[in-house]
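Encoded as structure tokens, the structure appears first; notes follow it.
On a predicted model such as this, the values are computed, not experimentally measured, just so you know.
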Amino acid sequence: MAKRAAAKSRNYWLFKSEPSAFSIDDLAAEKTKTTFWDGVRNYQARNMLRDEVKLGDRVFLYHSNADPMAIVGLCEVVREGYPDHTAFDPANKHYDEKSNPENPTWFMVDIKLVAKFDEPVTRDQLKDEPQLADMMLLRRGSRLSIQPVTLNEYQTVLKMAGLKANI
DNA sequence: GCCAACGTTGGC
DNA sequence: GCCAACGTTGGC
């Protein structure tokens, strides 16, 4: 009688961006509240975008090199990994001659804004929260721009943002 | 502005 | 394959 079909497990991530390059307000201004997450040029991050970030996964948006540095909102993955075409365009800032459409090096996903936090959850707040002691974002020297987030970290941050933990 | 921590590059 | 030099990230 037990249901054997395991519920598809959703995964949780954190994407970093410098708001001067792309901010949550830029995303909110998009008509569809959707953007492709281009420009990731790190192999470890690439592997996650290509292989692990799945439709329906939740994504925190984090503003680095910002005032304040903070998690500023929540997004949902609406398209899974596909080639990052900005790598093919010599005029693009993220152009990479090693990548081409026949054999792409770099990948991206599409994310859609679910909620911009009324109040950003600042880095200082994150550091003060014992539940987040092991969070990758807070480890010194952690420069990965795509990071996995645990379920507990996800729920803790949502709570800090004043949102229900099951959104 | 400083600098630690990384990742990448290239000489050997 | 090693490793020094260099460039970048990103918090402080």
Quick tally for nucleotides 5-12 of chain C: nucleotides whose base has a protein heavy atom under 4.0 Å get B, sugar-phosphate-only ones S, the rest -, giving --BBBBBS

Closest approach of [X] to [Y] (non-hydrogen atoms, all atoms of both residues):
X: A:H94; Y: A:D38; value: CD2-OD2, 3.9 Å
X: A:F60; Y: A:V149; value: CE1-CG1, 4.3 Å
X: A:F107; Y: A:G81; value: CD2-C, 4.2 Å

Can [X] and [Y] be counted as an ion pair, charged N to O under 4.0 angstrom?
X: A:D84; Y: A:R46; answer: no
X: A:D25; Y: A:K116; answer: yes
X: A:D124; Y: A:K127; answer: yes

Ring pair (Phe, Tyr, Trp, His ring centres under 6.0 Å) evaluation trace for A:W13 with A:Y154 | CA-CA 9 Å; A:W13 309 93; A:Y154 175 73; over 10 Å; no

Just by distance, with hydrogens left out, do A:E52 and A:N47 show a side-chain donor and acceptor under 3.5 Å apart?
->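 Note: A:E52 and A:N47 side chains miss the donor-acceptor criterion.
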
Are a donor atom and an acceptor atom from the side chains of A:T156 and A:E129 found within less than 3.5 Å of each other?
->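 Side-chain D/A pair, A:T156 to A:E129: absent.
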
Heavy atom of residues 88-96 of chain A under 4.0 Å from DNA chain B: which residues?
->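 DNA chain B contact set from residues 88-96 of chain A: none.
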
Could you run down the sub-3.5 Å N/O contacts of the protein with nucleotides 1-3 of chain B?
none

So how far is it from A:N152 CG to A:M135 CE, rounded to the nearest 0.5 Å?
->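 These two atoms lie 10.5 Å from each other.
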
